[in-house]
Amino acid sequence: MPYWEVMDDFPADLNLPGENMQDANAPGICEGYLMKRRKWPLKGWHRKFKVILFYRDTLSWIKFSKGKMHGSLDVSLAVMSVNKKARRIDLDAGDILYHMKAKTPDLYYIWVTKLSAHRMYKKNKAAHVHNGFLQALSHGSHLSPKNSPMQDMGTSYVGEPLPCVNPAINGKVSAWLQTQEPDICAQELTRCQMELNELQRLVQKLHSQESGQMVNNGDLQRIISMQNLLLDKPKKKTGKIWGHSRTLSRVEALGMLSSNNLKSSSHLGTSVPSIPDYVSTQATPPAPTSLESKKLHQDICSMSLKVHASLRTAHETLAQERQRLHEAWSSRELHQTTSAQINNLCSLAELDVKSRHTKIHKLSVSSESSEESFRTVLQRKVCHCLPRTYSSSAEYFDACDELMCASSSEMSDESGLSDGSSNSEPDEAYAMASRKYRASLSKAPPKLNTIKNTGRRTTLPAVCPDNSHVGLMTILYNNIGKDLSRVSMPAALNEPVCLLQRLCEELEYSDLLDTANHTDDPYQRMVYIAAFAISGYATAQYRNRYKPFNPVLGETFECIREDRGFRYISEQVSHHPPISACHAESDNFNFWQDQRWKNKFWGKSLEIMPTGMVNVTLKKYGDHYEWNKVVTCIHNVLSQQRYLEHYGEVIIRNLKSSVCTCKITFVKARYWGSDGSKNEVQGQVLDETGNVVHRFGGFWHEGIFCDTLPNPQCIWKPNPQPKNYMLYYGFSSFAIEMNELTPDLKPLLPPTDTRLRPDQRLLEEGKIEETDKKKDEVEENQRERRKILAKRGEEHIPRFFRKTLDAAGREVWLYNGTYWKIRENPGFVNVKNLELW
Ligand SMILES: CC(C)CCC[C@@H](C)[C@H]1CC[C@H]2[C@@H]3CC=C4C[C@@H](O)CC[C@]4(C)[C@H]3CC[C@]12C
């Protein structure tokens, strides 16, 4: 059962306030206490966080403090997810992710209601402004910056500057809309405007028929302030709060009901599918409606259908035009400056269609006849499909778990309650230490250009495609209701390496393992192991625009690096869930891991929680190090402002000796922090009794400095990026070399090797369209093979790895030793291999 629910945009009040909608009527201040998820350590809760929600300067702020200010965000820009069972409220503003929890169901309900009221108020305002914008567009008028309705907003829906504040762009777009032959878009938008006016009239009529006078913002404020009184003392009069809560349905809090009707409910309250049950059940079932109102419902439905159709056509036309424009602008420079703006415009159009859909649906769902016709816009579906859609957008996410379900680990977090009194979130201490490490790092001599001539290629055959036009939102909406694991994503989103290769990239700084093997002091050895564990994350800095290929079941990848002294083999050992196993060996070390992870989509960000352990053995001392991986968060996953953050704690243990352990913290960015506080890492090597023997720190994208070594020094710095790396997927030199296929290597590889995968090769050569076709074929072949196996009742057995349990009882995949043997004798050409493509 899905416990999590994304709170939808609340029914924007169609009876929008007039032009002079004043801030004075905004919802009032709410103050109280919530529990807030610890940032450090990343489990447990601060029991008492003061939360203030208020409206100022066109923004609905929520502020957190525990003694001192702890951050704030505009609630209307955040995606709000709620979990009634766990009493959780999460706000995802793209950059900032707040996890909150109410102590009691009453408080949970009250806060959900309050936050909703604030969000609704802002949405109403935004809808009003947006209407004006659309109207202006459809009439081809130029919005001067002075009267641009968006000016009024102070900020945009999506947290980015909206294109419409730029009069030049507005002018261009409206002119462009006007000159299209035939001018379908402008016609449709004009028609739409008229239909919406009619719709608005009908809805108003419905409202006045059913609920008498609208509640005004003053009433709303009174309701909210009334609740404020209850917030601080939730326990004393529980019964009363319940009584009160019951009278205040969500719809009422949204100001949709008349003040004299507070004890009854409206059909609207029960018709909005995305209302959390907890809140929606506060409303009683709809009262039987009169004949007249039935007729009104029907009218609304048919009008809604028309609007829906018009907007669809307009949307499609815009999408086509965008595509045409994109193709026409071959010049890279021009493209780069304008594509972001166009993209913004298009998401605005999408947003519009979406918000209309939502409104339309909410108005129509109470009518039986229209239910079917609006199936595709059901918000509840959107809620549940959204994560799944994303999961298919990254193919290897296609086995992702129900994203919005509370995971077991999360449940255990709930029990890890802390008293919150200890200062275990030492932001200041971290900030100070990190400034010190940064200064030391910058003093460290720059890494000599280590790009040695390896005889390998130094660039890719083709530059990367621009994929900023690939609207992930569009893909999302076009596939609502489909089995999303079957929805293939455009190849323009891929990079020409697969996850097996991406795992191999974690060995780019294998020299740290060589150094560790030659370091006699066990504590210092641990410092190098830690630096190696951190270095694996460095590539993330430049790699957030494309996703690796998802290996098909049975796909393999080998990588022999004589220059670095290791050889690596990996295999995709499971498809559902996707698991990639790998193993590398050298004279100094062995390295292995199997990679699997869980995803959580919070509305704007996607968290990747890896579950496998990384293992390294060092030959000289027989050490066996084992460590976990941290959470990787893709912030702003649907937009071009996407970036990656790693956070959490890594514990490195030596299974062969308890002399020392290591604790590394990937520090979550402080919300008020500037870019300077991003990507911090700090760690300690502890002896058996827990004393700190070594301290080190820095940034996973800049380097690590250890100030406790006899000779304090920078122990790792990332290699310089190759020339023009942004044109080549942000690849490092090591990544560029990964997929190279030389004539002498080709006959030695098994046909399952990634280098022979045709679609990935086509992408590398820049043949995007062909890649798309080929990718479909490869995926289809995989499905066929699965079907055949299922028919025979057989299971796929991985060829080079076997499943077993480790000392801690965890399921792990270990190399079975056969790959290099077969390769040497009799060679893969002389044995039977899987045919994958
Ligand atoms: C819409 C598209 C283009 C978004 C791009 C998604 C990219 C940034 C995502 C997709 C898959 C992700 C990878 C999946 C798994 C892991 C293993 C983990 O231990 C470190 C992060 C790492 C390596 C992720 C990095 C970010 C990643 C590459």
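Just so it is clear, the values below take in all heavy atoms, side chains as well, and ignore hydrogens, waters and symmetry mates. Note that ligands are numbered from 1 as they come in the structure, with each ligand's atoms numbered from 1 the same way.
Leu762 places none of its side-chain heavy atoms less than 4.5 Å from the side chain of Lys773. The shortest side-chain heavy-atom distance between Tyr509 and Asn719 falls under the 4.5 Å cut-off.
Looking at Thr539, Leu606, Ile634, it is Ile634 that brings a heavy atom closest to atom 9 (C) of ligand 1. When the heavy-atom distances from atom 28 (C) of ligand 1 to Gln593, Arg642, Lys629, Arg502 are ranked, the shortest goes to Arg502.
Residue contact annotation: Pro610 has a non-hydrogen atom under 4.0 Å from ligand 1.
Near Pro548, meaning under 4.0 Å from one of its heavy atoms, ligand 1 places the atoms 28 (C). Heavy-atom contacts of Arg543 reach the following atoms of ligand 1: 8 (C) (cutoff under 4.0 Å). Close contacts between ligand 1 and Arg545 involve ligand atoms 3 (C) [criterion: under 4.0 Å to a heavy atom].
Take His624 and apply the ring pair (Phe, Tyr, Trp, His ring centres under 6.0 Å) test, not counting sequence neighbours, and it matches Trp592.
A donor-acceptor contact under 3.5 angstrom links the side chains of Asn739 and Gln501, judged on distance only.
Heavy atoms of Leu644 found under 4.0 angstrom from ligand 1 belong exclusively to the side chain. Looking at Ile608 against ligand 1, only its side chain comes within 4.0 Å, counting heavy atoms.
In this pair, Phe666 and His646 present their aromatic rings perpendicular. The plane angle is above 60°, beyond the 30 to 60° band.
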- Task: Could you walk me through whether Phe566 and Phe591 pass the ring pair (Phe, Tyr, Trp, His ring centres under 6.0 Å) test, one step at a time?
- Result: CA-CA 10 Å; Phe566 71 77; Phe591 162 94; 8.6 Å; no
